[in-house]
Amino acid sequence: MADRQRITPRSEDFSAWYNDVIMRAELADYSPVRGCMVIRPRGYGIWELMQQALDGMFKETGHENAYFPLFIPQSFLAKEAEHVQGFAPQTAVVTHGGGKELEEPLVVRPTSETIIYAMLSKWIQSYRDLPVLLNQWANIVRWEMRTRLFLRTTEFLWQEGHTAHATAAEAEEETRLILGLYRRFMEEWMAMPVITGVKTESEKFAGAVRTFACEGLMQDNKALQAGTSHFLGQNFARAFGTQFQTASGELDYVWSSSWGVSTRLVGGLIMTHSDDVGLVCPPRLAPTQVVIVPIFRSDDERIRVLEVGGQVMDALRAGGIRVLLDQREGMKPGAKYYEWESRGVPVRLEVGPRDVDKGQAMLARRTGGKAPVPLDGLEISVRTALDEIQAALLAAARDRREANTFRGVEKDRLIEIMDGSGGFAFGGYCGSDACELAIQERTKATIRVLPDEEFRSDPAPATCAWCGKKAVVEAVWARAY
RNA sequence: CGGGGCGUGGCGCAGCCCGGUAGCGCGCCUGCUUUGGGAGCAGGAAGUCGCCGGUUCAAAUCCGGCCGCCCCGACCA
């Protein structure tokens, strides 16, 4: 009986578990188009809440939304040398339209830097036009070899911020501002702790001067790059002639940044918190935060219980809590419990005749624990439970990450960790491509970031984890998605 | 693109080796009884067995080709 709806346990096959959780929670489904997924309402609801939170944060920091075309003239991509090298191999190209072959093929955007700089060149004349702080919510296409629901799909949804500034310092500050904003979102909303830092040359965005990233550690101890913020220098400005006149009358190229997070975040959320029962969704991003399950035998009981259930729903809804009353008949309460648990609803309120008599409801948490709460002041109890669950998820994720973070690793230990259970390995790095490559070949681990100061070890590692020569910097290694 | 696995009612699978009129569980529909942790009984609907070709009196089953999907690797958010 239990087997029919079994979710593959994490310990048995993490990938199968991940897919099972998504299917059971009805977050997404495979589409008729290879590599493309359908995001179902329960999954899209999470994305919408993510969008709302991030969009608010972008606007608070002075950014405005705009929209640029899906199609980019192929020649645009070629204007920035590194950029074309990085992206040309994974583009989809439209060669025909309206039954005729196009004069110039159109690339379906893999990212929008090129078309945005082509436009900024028209719009920016003077330092008085700067900064330009743009964001767009869009879909993009990257022809990936191998896809996985949410984590890597041929088409995906994201936001891409693009900013232009008069000075390098200002653009770098922007790059940093957004990295911090992403981190805050991931921790405060997704309850997903991340390490921030700078990417090595080999891992940076094609066309950037420097790439910064947020890296989370999933339950299988693989790292997930959850967001990136790039300092682009004047690379795209030069490629597209985006110049402005300075206060002293000279011409200069704008300094710019770009940054993005995608529907991959939904995958990160799943792999950070969920369990073998199904999805666990942090309350702040849960499309349904509370489900009310009425319990009754007779018609008389049904009427009484549903009346109270309805009142509870109205009260919570009025308080801004996303709540649902599960009135389906012919389904036993236990069946409903299992269903809503697999869908990740953080709080369940059970209202039966005995509860109605006592003026209470049973409050069960997705993360465990069930206790009666008085109907009087229920909103406060529910709110408290949601807040506590949110905080507990972050704490648990942080503990898990710390338990799987190893500092001061040297060669043997690094190999041992990566051949074993994985995790974040901090160690010294000499800065050579040779060591970076050798480590990747031997362990399949890559340098996720050169960590920001607050994540660094004290004392700093003195020697390179691989070659033993003097370390110039500390690095974090992990196998990654 | 390399390796592995799989395509059979909506979902999960058996049947294939040994060819002979397609079966099980879940889900779905109807009715009655149920409902405090995955309900029971009765009745019912639903499948060109991934596609194309071959062998055969006869193909889900044997042979050839193709397509698709999932997982692992190289590439990537």
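Letters go in sequence order (proteins before strands), and every chain restarts at 1.
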Quick one: on RNA chain B, does Glu339(A) or Thr153(A) contact a more 5' nucleotide (nearest heavy atom)? Glu339(A)
Remember a base hit wins even if backbone is also touched, and classify Tyr481(A) as base, sugar-phosphate or nothing at under 4.0 Å, heavy atoms. base
Let me spell it out: for each of Lys444(A) and Arg348(A), pick the nucleotide of RNA chain B with the closest heavy atom. Which residue's pick is nearer the 5' end? Arg348(A)
Touch check for Ser15(A), heavy atoms < 4.0 angstrom, all strands: base, sugar-phosphate only, or nothing? sugar-phosphate
Hey, could you give me each pair passing ring-ring contact (aromatic ring centres under 6.0 Å, His included) that has a residue in residues 264-294 of chain A? Not counting sequence neighbours. none
Report yes if the distance between the aromatic ring centroids of Phe156(A) and Trp47(A) is under 6.0 Å, otherwise no. no
Donor-acceptor check, side chain of Gln289(A) to backbone of Pro283(A), threshold 3.5 angstrom: yes or no? yes
Mind checking the P distance from rG50(B) to rU34(B)? Whole angstroms is fine. 45 Å
Using the C1' atom on both, measure rA58(B) against rC18(B) and round to a whole Å. 16 Å
Look at all strands and tell whether Leu265(A) reaches a base, only sugar-phosphate, or nothing, counting heavy atoms closer than 4.0 Å. nothing
May I ask you to say whether Asp326(A) pairs ionically with Arg348(A), meaning some side-chain N is under 4.0 Å from a carboxylate O? no
With rounding to the closest Å, how many angstrom separate the P atoms on rG38(B) and rC51(B)? 41 Å
Ignoring hydrogens and angles, does a donor from either the side chain of Glu350(A) or the base of rG37(B) sit under 3.5 Å from an acceptor on the other? no
May I ask you to say what Met331(A) touches in the nucleic acid, namely base, sugar-phosphate or nothing, with a heavy-atom cut-off under 4.0 Å? base
Would you kindly give the CG-to-C1' distance between Asp29(A) and rG10(B), to the nearest whole Å? 11 Å
Between Arg343(A) and Glu26(A), is there a donor-acceptor pair closer than 3.5 Å when you use the side chain of the first and the backbone of the second? no
Rounded to the nearest angstrom, tell me the gap between atom CD in Gln85(A) and atom P in rC76(B). 11 Å
Using the P atom in both, what is the distance from rG54(B) to rG15(B), to the nearest Å? 29 Å
Under the criterion side chain to side chain contact (heavy atoms under 4.5 Å, CB included), which of Leu325(A), Val382(A), Val293(A) is the partner of Leu349(A)? Val382(A)
Considering every strand and a 4.0 Å limit on heavy-atom distances, what is the contact class for Gln225(A): base, sugar-phosphate, or nothing? sugar-phosphate
Nearest-angstrom distance from the residue atom CZ of Arg148(A) to P of rC75(B): 17 Å
Compare the aromatic ring of Tyr337(A) with the six-membered base ring of rG37(B) and state whether they stack according to the 5.5 Å and 30° rule. no
Respond yes when some side-chain nitrogen or oxygen of Asn19(A) is under 4.0 Å from OP1 or OP2 of rC70(B), and no when none is. no
OP1 or OP2 of rG37(B) versus the side-chain N and O atoms of Lys336(A): is any pair under 4.0 Å? no
Looking only at the side chain of Tyr30(A) (C-beta and beyond, no hydrogens), which of the listed nucleotides rU35(B), rC71(B), rG37(B) gets closest? rC71(B)
Sub-3.5 Å donor-acceptor pair from the side chain of Ser342(A) to the main-chain atoms of Glu339(A), do we have one? yes
Spacing of Arg479(A) atom CZ relative to rA74(B) atom P, expressed in whole Å: 9 Å
Let me know the distance between CZ of Arg448(A) and P of rC76(B), rounded to the nearest Å. 11 Å
Report which part of the nucleic acid Asp355(A) touches: base, sugar-phosphate, or nothing (heavy-atom distance under 4.0 Å, all strands). base
To check you understand the geometry: which heavy-atom pair defines the closest contact between Ala385(A) and Val347(A), and what is its length? CB-CG2, 4.1 Å
Distance between the C1' atoms of rG73(B) and rC66(B), in whole angstroms? 25 Å
Are the ring centres of His162(A) and Phe236(A) closer than 6.0 Å? no
For the backbone of Thr153(A) and the side chain of Arg148(A), can you confirm whether one donor and one acceptor N or O come within less than 3.5 Å of each other? no
What is the separation between atom CD on Gln440(A) and atom C1' on rG73(B), rounded to the nearest whole Å? 12 Å
Write out the stems for RNA chain B, ordered by first number and formatted as range with range, counting runs of at least 3 consecutive Watson-Crick or G-U wobble pairs under 3.5 Å. B:1-7 with B:67-73, B:10-13 with B:23-26, B:28-33 with B:39-44, B:50-54 with B:62-66
rA14(B) and rC26(B): how far apart are their C1' atoms, nearest whole angstrom? 14 Å
Expressed in angstrom and rounded to an integer, what is the separation of Glu341(A) atom CD from rG38(B) atom P? 12 Å
If we take the C1' atom in both rG44(B) and rG9(B), what is their distance in whole Å? 14 Å
Distance between the C1' atoms of rC41(B) and rG37(B), in whole angstroms? 23 Å
State yes or no: are the ring centers of Phe212(A) and Phe205(A) separated by less than 6.0 Å? no
So if I take residues 297-310 of chain A and measure heavy-atom distances to RNA chain B, which residues fall below 4.0 Å? Arg297(A)
Within the structure shown, what part of the strands sits under 4.0 Å from Glu215(A) by heavy-atom distance: base, sugar-phosphate, or nothing? nothing
Given the rule in the salt bridge (Lys or Arg N to Asp or Glu O under 4.0 Å) test, do Glu350(A) and Lys370(A) qualify, once you have shown the distances and angles that lead to the verdict? CA-CA 10 Å; Glu350(A) 304 166 11; Lys370(A) 179 152 128 176; 2.9 Å; yes
Arg354(A) CZ to rG36(B) C1', straight-line distance once rounded to whole Å: 5 Å
With heavy atoms under 4.0 Å as the rule, sort Pro89(A) into base, sugar-phosphate or nothing. nothing
